[in-house]
Structure formats: structure tokens, C-alpha cells
Amino acid sequence: MSIQQTDVLYTAVATAENGRDGRVATDDGRLDVVVNPPKEMGGSGEGTNPEQLFAAGYSACFQGALGVVARQERADLSGSTVTAKVGIGRNDDGFGIIVEISATIPNTDTDTARALLEKAHQVCPYSKATRGNISVTLV
């Protein structure tokens with residue numbers, strides 16, 4: 001279910017120059033980074049790249065969603081981490097991405113941790129945005 005413009009609480013604004021081999025910055029100046037293709041894709045690998053930025057955003061958002069469901073389930077998330085691995089490769093119409101999400105939840109048993117991951121995947125805005133568009137695997 002999509003939101004309406006009147007429901008928006010915050011809008012992030014970023015502008016890129018020269019695409020994958022240039023610079024990207026937010027309008028408030030809090031993020032201003034050089035972007036370069038990774039060496040694996042023929043680039044210099046000196047700057048960050050869109051996949052790293054997406055992985056950073058997705059992992060942070062997913063950790064937030066995990067916190068929401070953990071509070072509902074009264075689960076202990078202290079010391080937990082979420083890692084997003086974003087892969088890029090060729091597909092039928094150019095390039096596509098895949099994502100793997102993993103979490104370490106030290107104070108929770110394996111079954112509870114898995115259930116929390118599944119529930120977080122249902123409420124995370126990044127997961128909702130990518131659902132049906134790219135492969136996202138929870139491990």
C-alpha cells in the first residue's frame with residue numbers, strides 16, 4: 001500500500017553528478033561522497049558506490065524495523081547487528097541487484113531470531129519497496 005504526499009513525514013534529497021563516476025550529495029550537506037565503480041566492474045574503486053550506499057540504507061532501515069517488532073514481541077535486541085549485502089550483475093535488460101539480509105541477535109534463540117527477521121521484513125520500508133522487484137534473501 002503506497003502513501004500519499006500528505007502522509008510524508010520527511011523527504012531526503014540527494015543529487016548525483018556524473019552518475020557512477022562522480023559525486024553524490026544531500027541538500028543539507030550531511031552526505032557528500034565521491035562515487036566510483038568498484039574495481040570488479042572496471043572502476044577505480046577509490047570512492048563508494050551506489051550498491052554500498054543502498055546496503056547502508058537498507059541495513060539501517062531493517063535494524064529499525066527489527067527494533068519495532070522486537071518491542072512488540074518483548075525480545076531483547078541489545079548488541080544486535082544487521083548486515084545487508086547488495087550484489088549487482090547482468091540480467092536480461094542490463095543490470096540488476098540482489099540483496100541478502102542477515103542479523104546477529106545475541107540474546108535471542110535461533111527460532112525467535114528467525115521469526116523477528118521475517119516480521120521485520122514485512123514492515124521495513126526498504127523491504128516493502130523492493131518486494132516483487134528484486135530478490136531479497138533473509139539468512
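Since the structure is predicted, the reported quantities are computational estimates derived from the model, not experimental observations.
Here CG of L116 is found 11.0 Å from CG of D111. Values are rounded to the nearest 0.5 Å. Atoms CD and NZ, from E51 and K85 in turn, are 15.5 Å apart once rounded to the nearest 0.5 Å. One distance of note links CG of N36 with CG of N18; it measures 10.5 Å at 0.5 Å rounding. Atom CE in M41 sits 4.5 Å away from atom CZ in F95 (nearest 0.5 Å). With rounding to the nearest 0.5 angstrom, the CD1 atom of I98 is 9.0 Å from the CD1 atom of I134. One finds the SG atom of C124 at 10.0 Å from the CG atom of L66 (value rounded to the nearest 0.5 Å).
A distance-only check finds a donor-acceptor pair linking the side chain of T108 to the backbone of D76 [under 3.5 Å]. A side-chain donor-acceptor contact under 3.5 Å links T26 to the backbone of L31.
With a 4.5 Å cut-off on side-chain heavy atoms, F54 and I88 do not count as touching. Side-chain contact between L77 and I105 is present, with at least one heavy-atom pair separated by less than 4.5 Å. A 4.5 Å side-chain heavy-atom check between K119 and Q72 finds every atom pair outside the cut-off. Side-chain contact between N49 and V35 is absent, with no heavy-atom pair separated by less than 4.5 Å. At least one side-chain heavy atom of L138 sits less than 4.5 Å from a side-chain heavy atom of R114. Taking the side chain as every heavy atom from C-beta outward, Y126 and V136 never approach each other to under 4.5 Å. Residues H121 and I101 fail the side-chain proximity criterion, which asks for heavy atoms closer than 4.5 Å. You'll find the side chain of V69 reaches within 4.5 Å of the side chain of V123, heavy atoms only.
Counted within 6.0 Å of CG on D93, heavy atoms from surrounding residues, nucleotides or ligands total more than 12; the atom is thus considered enclosed.
In this pair, Y58 and F62 present their aromatic rings tilted. The plane angle is within the 30 to 60° band.
Annotation for Q63 and S80: closest pair NE2-OG, 2.9 Å, computed over non-hydrogen atoms. V139 and S102 make their closest contact through CG2-CB, 3.4 Å (heavy atoms, listed as atom of the first residue, atom of the second, distance).
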Audit row: V8, I3, side-chain contact (heavy atoms from CB on, under 4.5 Å) steps and yes/no: CA-CA 7 Å; V8 172; I3 64 172; 4.0 Å; yes

